[in-house]
S.K.: 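Quick one: the structure is below, and I'll ask about it shortly.
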Amino acid sequence: MSKAIFIDQHGSSDILTFRDHDLPPPGANQIRVKNAAIGVNFIDIYQRRGLYPIDLPAILGSECAGLIAAVGDGVTGFSVGDRVACLTGTSAYAEYSNVAASSAAKIPDGIDYDIAAAVFLKGLTTEMLLRQVYQLKAEDTCLVHAAAGGVGTILCQWARNIGARIIGVVGSDDKAAIAKANGASDIIVRDATTDIAAAVRRLTNDAGVQVAYDSVGAATFDASLDSLAPLGHMVTFGNASGPPPAIEPLALARRGSLTLTRPTLFHYATPDHLPAMATTLFAMVSQGAVIPKISHRIPLADAAKAHSLLESGKTNGSIILTT
Ligand code: NDP
């Protein structure tokens with residue numbers, strides 16, 4: 001019997017329950033993973049709240065890292081005993097998960113489970129944002145919101161490796177120091193009254209930035225648009241403060257023929273593309289260009305605590321659950 005964190009309805013973090021789960025054998029093309037570390041992501045909170053639809057009851061959890069305990073029919077390229085990191089969609093908050101083999105990647109030697117769980121989904125998201133959605137260049141200036149958070153930490157480190165100038169936006173002075181250490185050369189500390197776009201204009205001699213990576217959503221969307229240079233790229237990829245507002249195409253034209261995109265990792269990390277994305281990500285970790293920061297290690301049974309911490313907006317780096 002495997003234990004897992006279930007939700008039976010949508011709601012606040014206290015609806016998470018830790019209970020027995022009668023996991024069937026892995027199906028065709030699935031692997032069974034004995035989870036060692038499980039990355040906690042804001043996506044899990046959107047699913048718990050009901051912003052991102054999932055069927056209920058559900059086991060939460062979008063990614064896991066662990067050892068393959070069994071393989072289903074038709075699995076090739078993976079064996080019992082392999083160390084893997086996996087995108088799961090849901091079902092990762094568990095001692096054991098059955099996962100599509102096409103959503104897994106082997107973890108290279110030298111990267112432990114905790115690091116793999118801290119970096120896999122967030123680092124693949126970063127690879128998507130910096131190399132696929134918009135190819136960030138050394139001569140670009142980019143705006144990164146939540147620059148000390150889970151994705152933000154990796155995004156800043158990777159953008160620094162590319163050589164781009166990074167303007168980081170954070171919610172506190174403590175996070176400002178972390179974002180600077182991650183590679184942001186300029187920091188905007190945001191509160192309810194901060195005029196982010198005006199600060200960006202000051203920092204860029206009125207030029208604006210080539211790309212804005214905005215995961216905060218409702219509270220920052222307009223400021224991000226107003227921070228862009230002509231022909232700039234608005235990348236809205238999250239809703240930490242709530243979903244961004246609707247926008248008319250003409251508003252993009254008026255601001256300088258901007259582009260607007262709303263990428264989702266699961267459309268990029270398809271079975272065809274995941275292996276190369278994972279190889280690139282793990283190489284960045286092995287080289288020391290990306291150094292995931294783990295702010296909290298929390299037992300799986302206490303996943304509710306991890307959710308409360310993450311949605312408080314006060315954490316930095318990655319939170320992982322341990323089994
Ligand atoms: P983070 O560790 O970045 O935590 C969220 C951060 O958002 C907070 O620390 C806080 O940073 C900021 N924030 C601003 N307003 C709020 C608010 N009202 N409530 C809570 N936090 C707030 O989380 P993750 O690294 O897990 O995820 C970062 C973002 O990336 C999320 O929005 C997530 O949805 C998105 N994402 C999108 C993916 C995609 O495929 N599109 C894939 C993976 C993640 P500060 O105080 O510094 O502003």
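Counting begins at 1 with the first residue of the sequence. In each ligand, atom 1 is the first atom listed, and ligand 1 is the first ligand listed.
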S.K.: Quick one: sort the F120 and F282 rings into parallel, tilted or perpendicular, breaks at 30° and 60°.
M.R.: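 Answer is parallel, since the angle falls under 30°.
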
S.K.: Would you indicate which of P263, G171, G217 comes nearest to atom 47 (O) of ligand 1 when only heavy atoms are counted?
M.R.: G171

S.K.: Using heavy-atom distances, let me know which of Y213, Y268, F237 sits nearest atom 38 (C) of ligand 1.
M.R.: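 Looking at heavy atoms only, F237 sits closest to atom 38 (C) of ligand 1.
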
S.K.: Which ligand 1 atoms are under 4.0 Å away from a heavy-atom of G238?
M.R.: 32 (O), 34 (O)

S.K.: In the protein, which heavy atom is nearest to atom 25 (O) of ligand 1, and how far is it?
M.R.: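 Among all protein heavy atoms, the one nearest atom 25 (O) of ligand 1 is V151 N, 2.8 Å.
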
S.K.: For ligand 1, which part of R262 has a heavy atom less than 4.0 Å away: the side chain, the backbone, both, or neither?
M.R.: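 The answer is the side chain of R262.
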
S.K.: At less than 4.0 angstrom from any non-hydrogen atom of E311, what atoms of ligand 1 do you find?
M.R.: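 Once the distances to E311 are compared, the set is 19 (N), 20 (C).
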
S.K.: Atoms of ligand 1 less than 4.0 Å from S241 heavy atoms?
M.R.: 15 (N), 18 (N)

S.K.: Tell me: protein heavy atom nearest atom 26 (O) of ligand 1, and distance?
M.R.: F42 N, 3.0 Å

S.K.: Run down the list T220, N316, D44, L310 and name the one with the heavy atom closest to atom 4 (O) of ligand 1.
M.R.: L310

S.K.: Considering non-hydrogen atoms only, spot the tightest contact between A37 and I320 and give its length.
M.R.: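 Scanning both residues, the minimum pair turns out to be CB-CD1, 4.3 Å.
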
S.K.: Would you say the ring centroid of H21 lies under 6.0 angstrom from that of Y96?
M.R.: no

S.K.: Check each atom of ligand 1 against the heavy atoms of V170 and keep those under 4.0 Å away; list them by number with element.
M.R.: 47 (O)

S.K.: Applying ring-ring contact (aromatic ring centres under 6.0 Å, His included), can you list everything that pairs with Y134, at least two apart in sequence or on another chain?
M.R.: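 Y134 satisfies ring-ring contact (aromatic ring centres under 6.0 Å, His included) with H233 only.
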
S.K.: Could you tell me which residues satisfy salt bridge (charged side-chain N to carboxylate O under 4.0 Å, His left out) with R202, sequence neighbours excluded, listed by chain and number?
M.R.: none

S.K.: Do R48 and H10 have side-chain atoms, one donor and one acceptor, less than 3.5 Å apart?
M.R.: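 No donor-acceptor contact under 3.5 Å links the two side chains.
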
S.K.: I want to know if ligand 1 touches S312 in the polar sense, i.e. an N/O pair below 3.5 angstrom.
M.R.: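 S312 vs ligand 1: no N/O contact under 3.5 Å.
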
S.K.: At a 4.0 Å threshold, what atoms of ligand 1 neighbour a non-hydrogen atom of N41?
M.R.: 26 (O)

S.K.: With heavy atoms of L121 as the reference, note each atom of ligand 1 found under 4.0 Å away.
M.R.: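 It comes down to these atoms of ligand 1: 43 (C).
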
S.K.: Quick one: nearest non-hydrogen protein atom to atom 16 (C) of ligand 1, plus distance?
M.R.: A240 O, 3.8 Å

S.K.: Suppose we measure from atom 46 (O) of ligand 1 to each protein heavy atom; which comes out shortest, and what is that distance?
M.R.: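 Scanning the protein heavy atoms, the shortest distance from atom 46 (O) of ligand 1 goes to K175 NZ, 2.9 Å.
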
S.K.: For atom 29 (C) of ligand 1, what is the closest protein heavy atom, and at what distance to 0.1 Å?
M.R.: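 Going atom by atom, the protein heavy atom closest to atom 29 (C) of ligand 1 ends up being S215 CB, 3.4 Å.
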
S.K.: Given 3.5 Å as the limit, does a donor-acceptor pair link the side chain of T88 with the main chain of T90, or not?
M.R.: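 Yes; at least one donor-acceptor contact below 3.5 Å.
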
S.K.: Residue-level breakdown please: for T125 versus ligand 1, do any non-hydrogen atoms fall below 4.0 Å on the side chain, on the backbone, on both, or on neither?
M.R.: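 T125 to ligand 1: side-chain contact only, backbone stays beyond 4.0 Å.
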
S.K.: Backbone N or O of N316 within a donor-acceptor pair of the S295 side chain at under 3.5 Å?
M.R.: yes

S.K.: Heavy atom under 4.0 Å from ligand 1: found in Y46's side chain, backbone, both, or neither?
M.R.: side chain

S.K.: Around atom 2 (O) of ligand 1, find the nearest protein heavy atom and jot down its residue, atom name and distance.
M.R.: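 Closest protein heavy atom to atom 2 (O) of ligand 1: G150 N, 2.8 Å.
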
S.K.: Among protein heavy atoms, which sits nearest to atom 21 (N) of ligand 1, and what does the distance come to when rounded to 0.1 Å?
M.R.: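 Among all protein heavy atoms, the one nearest atom 21 (N) of ligand 1 is G313 CA, 3.7 Å.
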
S.K.: Between N182 and T153, do the side chains contain an N or O donor and an N or O acceptor separated by less than 3.5 Å?
M.R.: yes

S.K.: Quick check: L265 and ligand 1, any N/O pair under 3.5 Å apart?
M.R.: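 Yes; the residue has a nitrogen or oxygen that sits under 3.5 Å from a nitrogen or oxygen of the ligand.
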
S.K.: Testing the basics here: between P263 and V133, what is the closest heavy-atom pair and its distance to 0.1 Å?
M.R.: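 The answer is CB-CG2, 3.7 Å.
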
S.K.: Closer than 4.0 Å to some heavy atom of N239 - which atoms of ligand 1 meet that?
M.R.: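 Numbered from 1, ligand 1 contributes 32 (O).
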
S.K.: Do you see a donor-acceptor pair shorter than 3.5 Å between the side chains of T220 and D214?
M.R.: yes

S.K.: Whether the side chain of S308 engages the backbone of A304 through a donor-acceptor N/O pair (distance < 3.5 Å, no angle test) should be reported.
M.R.: yes

S.K.: Could an N or O of ligand 1 be found under 3.5 Å from any N or O of G152, whether backbone or side chain?
M.R.: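 No: no nitrogen or oxygen of G152 is under 3.5 Å from one in ligand 1.
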
S.K.: Which atoms of ligand 1 are found less than 4.0 Å from any heavy atom of T264?
M.R.: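 That gives atoms 40 (O), 41 (N) of ligand 1.
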
S.K.: Where the closest heavy atom to atom 14 (C) of ligand 1 is concerned, which of H267, M128, R190, K314 has it?
M.R.: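 The option holding the nearest heavy atom is R190.
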
S.K.: Looking at atom 6 (C) of ligand 1, what's its closest protein heavy atom, distance included?
M.R.: A146 CB, 3.9 Å

S.K.: Do D174 and S172 meet the criterion of a side-chain donor-acceptor pair at a distance under 3.5 Å?
M.R.: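 There is no such pair (donor and acceptor under 3.5 Å, judged by atom type) between the side chains of D174 and S172.
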
S.K.: For residues D191 and T193, is any side-chain donor paired with an opposing acceptor at under 3.5 Å?
M.R.: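 T193 and D191 do have a side-chain donor-acceptor pair below 3.5 Å.
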
S.K.: With a 3.5 Å distance limit and no angle check, can you tell me whether Q47 reaches the backbone of D44 through a side-chain donor-acceptor pair?
M.R.: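 Flag not set: sc Q47 to bb D44 has no pair under 3.5 Å.
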
S.K.: For N35 and E95, which I'm curious about, is there any donor-acceptor pair between the side chains at under 3.5 Å?
M.R.: no

S.K.: Taking N or O atoms only and a 3.5 Å limit, does V216 qualify as a polar contact for ligand 1?
M.R.: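 Checking ligand 1 against V216, no N or O pair falls under 3.5 Å apart.
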
